[in-house]
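Reminder, nothing fancy here: chain letters follow the sequence lines and each chain counts from 1.
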Amino acid sequence: MTGHIARIRTTRLIVGGRDITVTAAFVSLIVLLVAVAALTSDTFLTQTNLTNLLKQMVTTGLLAFGMLVVILTGGIDLSVGSMVAFSGILTAGLVTGLPIPVAMIIGVLSGVGFGLINGVLVSRFGLAAFVVTLASLTTIRGLAFVYSEVPIAPEDPAFFTLGSAMAGPIPVSTLIMLAVFAAGGVFLTRTPAGRSIVAIGGNAETVRLAGINVPRHVTLAYTISGACAGLAGVILASRVGIAQPSVGVAFELDAIAACVIGGASLAGGRGSTRATFGGVLVLVLINNLLNLYGVQSFWQQVLKGLIIIAVILVQRTNRVRG
Amino acid sequence: MTGHIARIRTTRLIVGGRDITVTAAFVSLIVLLVAVAALTSDTFLTQTNLTNLLKQMVTTGLLAFGMLVVILTGGIDLSVGSMVAFSGILTAGLVTGLPIPVAMIIGVLSGVGFGLINGVLVSRFGLAAFVVTLASLTTIRGLAFVYSEVPIAPEDPAFFTLGSAMAGPIPVSTLIMLAVFAAGGVFLTRTPAGRSIVAIGGNAETVRLAGINVPRHVTLAYTISGACAGLAGVILASRVGIAQPSVGVAFELDAIAACVIGGASLAGGRGSTRATFGGVLVLVLINNLLNLYGVQSFWQQVLKGLIIIAVILVQRTNRVRG
Amino acid sequence: MSLELRGVRQSYGDVEVLHGVDLTGRPGEVLAVVGANGAGKSTLIRILAGAQRMTSGELRIDGERVDLRSPHDAHARGIRTVYQELSIVGGLSVTENLLMGAFPRRRGGLIDWPEAHRRARELLDSAGFGAIDPRVLAGRLSVARQQMVEIAKALAGEVKVLVLDEPSAVLAGSDLESLFALIRRLRERGVLVVYVSHRLAEVMELADSIVVIKDGLIIATTEPAKTSEAELIGLMAGRRLEQIYPARREPPAETRLEISGLSRRGEFEDISFELRAGEIVGLFGLVGSGRSEMARCVFGAEPATKGNGAYRSPAEAIAAGLALVTEDRKRSGLILGMTVLDNIALATMRENRRGPLIDAAGRRRRVTEMIDRLSIQPGRCATMPVGALSGGNQQKAVLAKWLLAGPRVLILDEPTRGVDMATRVDIYRMVDDLARQGLAVLLISSDLTEVLGATDRVLVMREGRLAGDLRSETTTEDEILAHAIGQAA
Amino acid sequence: SSGTDPAAPAASASGDGKYTIGVANFMLGGPYFSGMDKAIAAQAKKKGNVEIISTDANGDAAKLASNVEDLLSKNVDAVIISGGPLESAPAVLNSIKAAGKPVVLVDRKFQTGEYTSWIGPDNEAIGRQNGEFLAEKLPDGGKVGIIKGGPADNTIGSARTNGVKSVLSAKSNITLVEAPDFGNWGSDGGLTVMESLLATNGDLKAVFCENDAMCLGAQRAIADAGKTDQIIIAGVDGQAEALKAIMDGTNYLVTGLNDADIIGAMGLDRAVEILGGAQVEKDTVVPSPRVTKENAKQFMNPDGSF
Ligand SMILES: Nc1ncnc2c1ncn2[C@@H]1O[C@H](COP(=O)(O)OP(=O)(O)OP(=O)(O)O)[C@@H](O)[C@H]1O
Ligand SMILES: Nc1ncnc2c1ncn2[C@@H]1O[C@H](COP(=O)(O)OP(=O)(O)OP(=O)(O)O)[C@@H](O)[C@H]1O
Ligand SMILES: [Mg+2]
Ligand SMILES: [Mg+2]
């Protein structure tokens, strides 16, 4: 809030392709969480639990990456949860008539389409991202229910493959999410489009005068977010084995939290894929730990909020010192 | 998004105490909505429906005013919905042992307390408002459930008074909300503290250099939002007659939407009480109209989103021309 | 009130930028501080303003040691500061910007707006800036007017020390005269004025004493009567500057840019001119005459309402070989949070690729070359956020970005604003070199000497219209000014 | 298929006659669901030899899957799933089956997938029962409003509404008016939806809500509109406040008992029976008695969790 902090903060960025936001303190924090978990719970290091962890991070991870891209432009995408629901129910509805991969691709494309619309409204019409995506959150959720009020459970067991297949000890869905992060990291740090997106969040006018098409890149960012949400929706439906139009409420909040825990600035221009991935890890670890300790559900919520505040306090202290 | 629009936008504000954000187009829009409603629905102008409208704007109205104050500083308060739940259930729980007014005051104070904590975390510790209030959204919701998992329905009928009493044709709760807006308008345009809050959103560093205590004013803003949420919670519990820990989910979204429809900038420094009140009216009218026309719920969602986009498009077109 | 700095040191992280500065200022004195970009002037000023706590050293006021903990502290002691970077809140009225934190109140604690506007009016009048209406939004004023509001703001209450960091950088003509008159009045009232400027002519005219700061150390203290501009420049730069403006070039060749009848409603009208290869054309005008708008319009940053020759978008202009160095680097020239590397490479990202990826090594090489060529300080700044550079070096970074794009037509809007003399000379020389290689240059400037010295031809704009087209060799400063204010014979 | 394929009757894993049973809640954020969770725990305590590990997926289907995997990795002997608004969870049921553990569903019967046993209400029957009651009370007919809960619990709600409709739509003198908006299963939603409904249909004679919480809100809206004497109310669940309102002789006349305490306790018993090797019924419908002023007192359970 204060200018002082703001000024110092801006010195931490994706710098010339090197990602320096993943501070030592942040890494230590994650290591600490893992160490505490491993030492205090017999279950934590079991194969089952680790696989669990890997599976749990898929949805939040995919959404967080898409959210990061949007946040970098200085925007926000509140509609991802609804897109998850829509893409899932659409895919499940289509598998009766279409080959599964085709249905799944159409599911992802529905996210791409919604993202495109969000992006155009924000960039070409100059509307505030918060309200545009809030409105599309409502509209897309409504459309999911209009498409099917009741959940759809495809019969064909092949529908479950994407969500439940394992590549050795690692779920295929986790690998997909990791691949998105890896490709996303390269995109944001090494391609002109990625750098433009980061730059737009820093100062859109400067970028425009550098001859870069700002609206197109902003639209691209929302489209990427939509694609990630579409993919997350398909994977989720496949994992659960049934698609519900009501799924995904408040998913956007976890995605945003992951970005910010990873040090992204909601004003745009600052944030990194690695640190966002760290943010996803922190969130998933918190949930897992509270579960393993058998903390009662409502107290879990109380603690989760407090831990998130503690984590960003640690993050911030470190940043100001650095 | 583009610098051009941004520049022109900053020309609409509270100037020297006069509130010029309520543009002719915005007023026409509301008049148009009302006119359409009155002409196409027999029910719209009935006493019952108008009273309904007045009652239904209370919660959104109170939350939107608090939200506006926070948004003016360049922050955001996602935790208002949870505060509504907490203050309501706390009040309902306390009336068995305490006089009703005392219990209600304590309920409002719970909001004040949470707001204060939010404010301190944002302003003194320099944490991002989005994450702080997202975390407190989770924590406070958890606390509401910890306080009482089950709804609490006070026996004493006097508990209902605040929420259901009428002053002539106008509900007392609506009058309270209007009083908050009136006082809030004076506060924001006519007092040094209010002006400081607006200025902080414009340029916190300049305000700091002018010798104004920025953290204190930012904290004040969140406290005001907390107080409004606390009050809204008490009124809602009294109106429903039963307090539930699960109430208020996603209330923050409507509050934010009202501010933005009223032309407030989420970057801070721009927004007005009157236009925010207009935003509240628009939202409540949309809901009311869709209900009067008997639009089915899922389609209501679809349309609500689309109408919000249409409204901000109108708002924006007007702003760019102006 | 006398002010004394003793052994002031300041570090940012591991880097010390002030190495023990001693400075004395007496009441009723205009103390000028001059030095190259990045010498540490603004840092010194932030310390005086209480906005930055010195790492070590002491500050004495009237002989008594004081510790300024906050800007508020300094303010309370009568030390007022106008910073190099504008800090106006655009969304508030001028009145509010002026009286922020000190509103007149009525009984009941409410702000008394009529009284507030009256006081603001008074303040502006007493500063000699009566042309500004206190009721308008500060964001609607031109940069020059905003700067004047900043100065007026510093004058509220009892002022004992007024610190001005490059106040004249955005002022010209009568505005500049008002400022000088103001400074002289303050001096008579016994105020100590600390004045930082790169315009040495001003310094010679105004100052009672001059300190020269170089690389964080005071290397000379002198008076206008005992020195010369050339000597000061030599001290600052650490070398002698033989000639400020390069010699004349060959006559220009083919036409590179042809503008005819260009208009944009409310800003400028019916502008026609052409730029030829190898030519440097100056564009002079009073603040608000519409030069910047016209340039932006030519570059496609803003649509024209009428006329030919302007591009439809920056992308199109760039593709045609245009480059525009805008006047407000903070708002439209730089991305302050990104690195120098990212900033300088911004306009050429697409050209320098290996497959779909940015050619990182090549990009780094090119940018480093450009940093060396323009001697952007500190020299190894490629991975620093550009916002951490001093003002003048930021300006060079913007220039570097556009030079990297290898333009055929270069439009420079106030390119030497806030740039020190030695660097200016470098910039003039560089622009001259480019012109010799066939570049066409349009140099927008409010500095008459520069307009006359660095160009072949001078266009003059007045109230949105072209009011003169003069040959630099034959015209005079007076003639240009006469065209600008509409009193040409 | 019937209950021919229960998981192999397991002696307790530790062999000391003690069982560990995992409870996977889809969401606890509602009094009915948290009541269910508590009832299961209370019954386990009563038994003495059963330890409970309870989890909450917070309404996230994927999290339910991981919670169950979590439970399986802790080697529980059986799993009880309180699916709440979740329609089905094939992946969850598959993983339990793969681990060879029995699974008991309480309240919510999943549409697809294999489970060992289910205990829950017949929502359509509750609706029919309410419909019949309203038909009795409105011999002269009139308008009956219906307030639906909405997305989260959709099929449970529509089963209840369909039950009501199946009875009342056969009566020629009764008109059904469905509120266009959802009450979202809460009292506050019930209140607003009722207010809107009263604005368009001031002449309602009765209102049916898909649960008691919404009815309680609707009751206030009716009171505020001064129509307490005109409109009677019918709900579902047996929430304490509703029972009280019925007992007190207000216009809240009837509810259909859907008792989390009973279902939860039966669910635990069922799991223990299965673990003991007993052959059990595959599906057990817990009767939902009609609760009116006459019998409300007997269902008021001061110690009940719901
Ligand atoms: N916040 C900061 N972090 C790191 N280095 C800084 C910071 N602010 C200034 N510096 C460095 O301190 C040195 C002095 O900067 P300063 O702004 O005082 O120069 P200046 O004399 O005012 O230059 P100019 O004439 O260009 O305005 C420069 O090298 C600059 O890069
Ligand atoms: N932020 C702004 N919003 C609205 N109008 C502006 C803004 N900035 C400048 N203007 C208007 O545009 C016109 C020209 O502005 P400006 O002062 O930049 O002209 P100029 O000829 O480029 O002068 P200079 O280059 O010396 O600043 C003026 O009438 C001014 O009031
Ligand atoms: Mg400086
Ligand atoms: Mg200009």
Using side-chain contact (heavy atoms from CB on, under 4.5 Å), reason through B:N213 and C:H72 one step at a time and then give a plain yes or no. CA-CA 9 Å; B:N213 189 329; C:H72 195 55; over 6 Å; no
More than 12 heavy atoms of other groups within 6.0 Å of B:R216 CZ: no
What's the separation between atom CZ in B:R208 and atom OG in C:S87, rounded to the nearest 0.5 Å? 11.5 Å
When rounded to the nearest 0.5 angstrom, what distance separates CG in C:L92 from CZ in B:R270? 13.0 Å
Check each of B:I200, B:T206, B:V198 against C:V89 using the side chain to side chain contact (heavy atoms under 4.5 Å, CB included) test, and report the only one that passes. B:T206
If I measure from the heavy atoms of chain B, does C:I88 come under 4.5 Å with its side chain, its backbone, both, or neither? backbone
Between B:P192 and C:G109, the two heavy atoms sitting closest are CD-O, 3.7 Å
B:T191 versus chain C, heavy atoms under 4.5 Å apart: side chain, backbone, both or neither? both
Which of residues 150-162 of chain C get closer than 4.5 angstrom to chain B, counting heavy atoms alone? C:K153
